[in-house]
Amino acid sequence: MAFLCVDIGGTLIKYGLLSESGKLLSRNTVETPKNLNDFKLLLRSLVESYRQRIDGIALCAPAMVIYDEKAFYNCEGLPFINGISMKKIFGPENKDLPITVENEGMAATTAELWNGSLNGIDSGILLTLGSGVTGGFVVNGELVRGAHHQAGLFSLIRDELNVRGTQGLVRSNCSAVNMIRAINRVAGNENELDGIAAFEKIKSEDKNACDIFAQFCKNIAQLLFNMQLTMDVQRFVIGGGISNEEIVLKTIKQKYTEIVSEFPQAQQVLIYPELVKSEYSNGIGLYGAFYSYMQQMNGEIRQETKKELK
């Protein structure tokens with residue numbers, strides 16, 4: 001028995017097979033389609049490739065979800081799938097396959113809580129750095145979903161009050177993808193999404209690359225500082241592909257210390273939380289979608305209706 005798990009991002013779609021015990025059997029990545037028709041064709045082709053091996057489909061995306069409708073709403077970067085049931089996306093030929101949907105941040109936090117860097121932690125926060133910033137809160141050892149299942153929409157936090165529009169949001173200022181794009185642009189690299197090339201520039205101490213990277217890490221540290229003052233957690237967990245680069249956590253920690261040092265009152269009373277790497281790193285969405293699938297199949301997640309979310 002295996003399950004097709006799909007992590008739908010604004011830039012890339014990650015997909016893979018997980019066994020019933022949660023073992024990752026295979027994984028791949030493809031660019032996210034830019035329209036509904038191509039999106040349907042892609043997802044249906046994934047099912048067709050694995051049809052004889054799978055018993056269900058688990059999806060997550062940076063969006064609000066309506067569980068009983070199997071639909072995403074306010075999906076960041078993919079407005080064309082808003083409100084459309086994933087049952088319809090996969091078509092009548094796959095109507096026998098159970099499908100679950102989950103918010104990307106909650107899925108990732110569930111994975112870390114279940115068997116990752118938040119396991120056994122009473123209070124913590126996960127931030128997954130990608131096109132935007134997703135994640136979730138853990139309080140008393142449990143995922144906090146919020147009154148309307150909207151807790152953890154970090155990308156929509158406004159961190160520049162004097163800047164109008166999306167440029168003043170965490171979605172822009174703390175985007176790992178935007179940081180990588182900016183470095184590759186100034187470096188003249190043809191592939192603006194080449195993370196390896198961007199980090200090579202950072203590690204070679206290229207001034208332009210280091211300046212962009214330092215500002216990115218400072219923005220993340222500022223977000224952590226504000227969250228710590230609000231939640232007072234034991235541990236922050238950083239996920240996403242860039243968390244595999246040791247320099248990321250190292251620099252965020254440095255910037256966090258610098259920010260605290262600017263405020264004597266905070267410096268006197270603030271206890272530093274732990275800052276660690278995600279256990280699942282770049283595959284966190286796949287594991288999270290799987291764990292959420294299991295919870296929903298077991299009736300552990302209460303089914304919401306569209307009416308209740310108004």
* **Joint hydrophobic cluster, Met106 plus Val144, side-chain heavy atoms closer than 4.5 Å** => no
* Quick one: CG on Leu127 to CG on Leu275, what's the gap to the nearest 0.5 Å? -> 9.5 Å
* Asked: Does Asn208 reach the main-chain N or O of Val186 with its side chain, forming a donor-acceptor pair under 3.5 Å?
  -> no
* Asked: Just how far is it from atom CD of Glu112 to atom CD1 of Ile121, taken to the nearest 0.5 Å?
  -> 11.0 Å
* In the single-linkage hydrophobic clustering (I, L, V, M, F, W, Y; side-chain heavy atoms under 4.5 Å), do Ile271 and Phe225 co-cluster? -> no
* Structure fact -> Smallest heavy-atom separation, Ser278 atom then Ser117 atom, equals C-OG, 3.8 Å
* Check the pair Lys203 / Glu245 against salt bridge (Lys or Arg N to Asp or Glu O under 4.0 Å), numbers first and verdict last. => CA-CA 10 Å; Lys203 292 171 186 176; Glu245 298 284 351; 2.7 Å; yes
* Given the rule that I, L, V, M, F, W and Y join up when any side-chain heavy atoms are under 4.5 Å apart, are Phe137 and Val237 in one cluster? -> no
* Asked: Is there side-chain contact between Phe236 and Leu126, with heavy atoms separated by less than 4.5 Å?
  -> no
* To do: State, to 0.1 Å, how close Phe3 and Glu20 come at their nearest heavy-atom pair, and which atoms those are.
  => CE1-CA, 3.9 Å
* Spacing of Asn140 atom CG and Ser123 atom OG [to the nearest 0.5 Å] -> 8.5 Å
* Asked: Which heavy atom in Ile180 sits nearest to a heavy atom in Leu193, and how many Å separate them?
  -> CG2-C, 4.1 Å
* Asked: Are the side chain of Asn94 and the backbone N or O of Phe90 linked by a donor-acceptor pair below 3.5 Å?
  -> yes
* What pair of heavy atoms forms the shortest contact from Leu169 to Leu156, and how long is it? -> CD2-O, 3.7 Å
* Any side-chain heavy atom of Pro33 within less than 4.5 Å of one from Ile13? -> yes
* Answer with yes or no whether the hydrophobic clustering places Ile238 together with Leu113; edges join I, L, V, M, F, W, Y residues whose side-chain heavy atoms lie under 4.5 Å apart. => no
* To do: Test salt bridge (Lys or Arg N to Asp or Glu O under 4.0 Å) on Arg51 and Asp96 and set out the steps.
  => CA-CA 11 Å; Arg51 193 65 173 85; Asp96 60 313; 2.7 Å; yes
* Qualifying salt bridge (Lys or Arg N to Asp or Glu O under 4.0 Å) pairs, either residue in residues 264-285, two or more places apart -> Arg235-Glu274
* Asked: Under the 3.5 angstrom rule, does the side chain of Thr251 hit a backbone N or O of Val248 as a donor-acceptor pair?
  -> no
* Side chains of Ile84 and Leu36: closer than 4.5 Å at any heavy-atom pair? -> yes
* Could you walk me through whether Asn226 and Gln222 pass the side chain to side chain contact (heavy atoms under 4.5 Å, CB included) check? -> CA-CA 6 Å; Asn226 290 339; Gln222 183 64 59; 3.2 Å; yes
* Passes side chain to side chain donor-acceptor pair (under 3.5 Å), Thr32 versus Thr11? Steps please. -> CA-CA 5 Å; Thr32 304; Thr11 305; over 6 Å; no
* Would you confirm whether Asn178, through its side chain, and Ser172, through its main-chain N or O, come within 3.5 Å as a donor-acceptor pair? => yes
* Test item: side-chain donor near acceptor, Glu102 and Tyr67, under 3.5 Å -> yes
* Just do the side chain to side chain contact (heavy atoms under 4.5 Å, CB included) check on Lys255 and Ile220 with the steps written out, would you? => CA-CA 9 Å; Lys255 296 301 178 183; Ile220 299 296; over 6 Å; no
* Structure fact -> Paired with Asn184, the side-chain hydrogen bond (donor to acceptor under 3.5 Å, both in side chains) test is passed by just one of Asn191, Asp194, Asn189, namely Asn189
* Taking atom OG of Ser21 and atom CZ of Phe290, what is their separation to the nearest 0.5 Å? -> 7.0 Å
* Does any N or O in the side chain of Ser175 come within less than 3.5 Å of the main-chain N or O of Ser131, such that one atom is a donor and the other an acceptor? -> yes
* Asked: How far does CD of Gln228 sit from CD1 of Ile259, to the nearest 0.5 angstrom?
  -> 12.5 Å
* Step by step, would you call Thr109 with Val138 a side chain to side chain contact (heavy atoms under 4.5 Å, CB included)? -> CA-CA 8 Å; Thr109 307; Val138 170; 3.8 Å; yes
* Asked: Any idea which heavy atoms bring Ala111 and Tyr280 closest together, and the distance?
  -> O-CE1, 3.3 Å
* Asked: For Lys253, does its backbone N or O pair with a side-chain atom of Thr257 as donor and acceptor, under 3.5 Å?
  -> yes
* I would like to know whether Ile66 and Phe72 meet side chain to side chain contact (heavy atoms under 4.5 Å, CB included); could you show each step before the answer? => CA-CA 7 Å; Ile66 308 298; Phe72 293 109; over 6 Å; no
* **Residue from Leu129, Ile247, Leu249, Val177 passing side-chain contact (heavy atoms from CB on, under 4.5 Å) with Ile242** => Leu129
* Asked: With side chains defined as the heavy atoms from C-beta onward, is the minimum distance between Ile157 and Phe154 less than 4.5 Å?
  -> yes
* **Heavy-atom pair of closest approach, residues Ile81 and Cys75** => CD1-SG, 3.8 Å
* To do: Compute whether any side-chain donor of one residue and acceptor of the other, for Ser204 and Glu200, lie under 3.5 angstrom apart.
  => no
* Is there side-chain contact between Thr128 and Val133, with at least one heavy-atom pair below 4.5 Å? -> no
* **Pairs satisfying salt bridge (Lys or Arg N to Asp or Glu O under 4.0 Å), at least one member in residues 24-47, at least two apart** => none
* Can you hop from Phe213 to Tyr256 via hydrophobic side chains spaced under 4.5 Å? -> yes
* Are Phe216 and Asn173 close enough that some pair of their side-chain heavy atoms sits under 4.5 Å apart? -> no
* **Any side-chain donor near an acceptor of the partner, Ser85 and Glu69, under 3.5 Å** => no
* To do: Kindly check if the number of other-residue, nucleotide or ligand heavy atoms within 6.0 Å of CD (Glu190) is above 12?
  => no
* **4.5 Å side-chain heavy-atom contact, Met64 and His149** => no
* Asked: What distance do Gln268 atom CD and Phe263 atom CZ have between them, rounded to the nearest 0.5 Å?
  -> 13.5 Å
* **Partner of Pro98 by side-chain contact (heavy atoms from CB on, under 4.5 Å), out of Gln296, Met297, Lys70** => Met297
* Asked: Is there a donor-acceptor pair under 3.5 Å between the side chain of Gln234 and the backbone N or O of Asp122?
  -> yes
* Below 4.5 Å, heavy atoms only, C-beta onward: do Tyr293 and Ile99 meet side chain to side chain? -> no
* Donor-acceptor contact below 3.5 Å, side chain Asn103 vs main chain Gly105 -> yes
* Asked: Can you find a side-chain donor-acceptor pair between Asp211 and Gln215 that sits under 3.5 Å?
  -> no
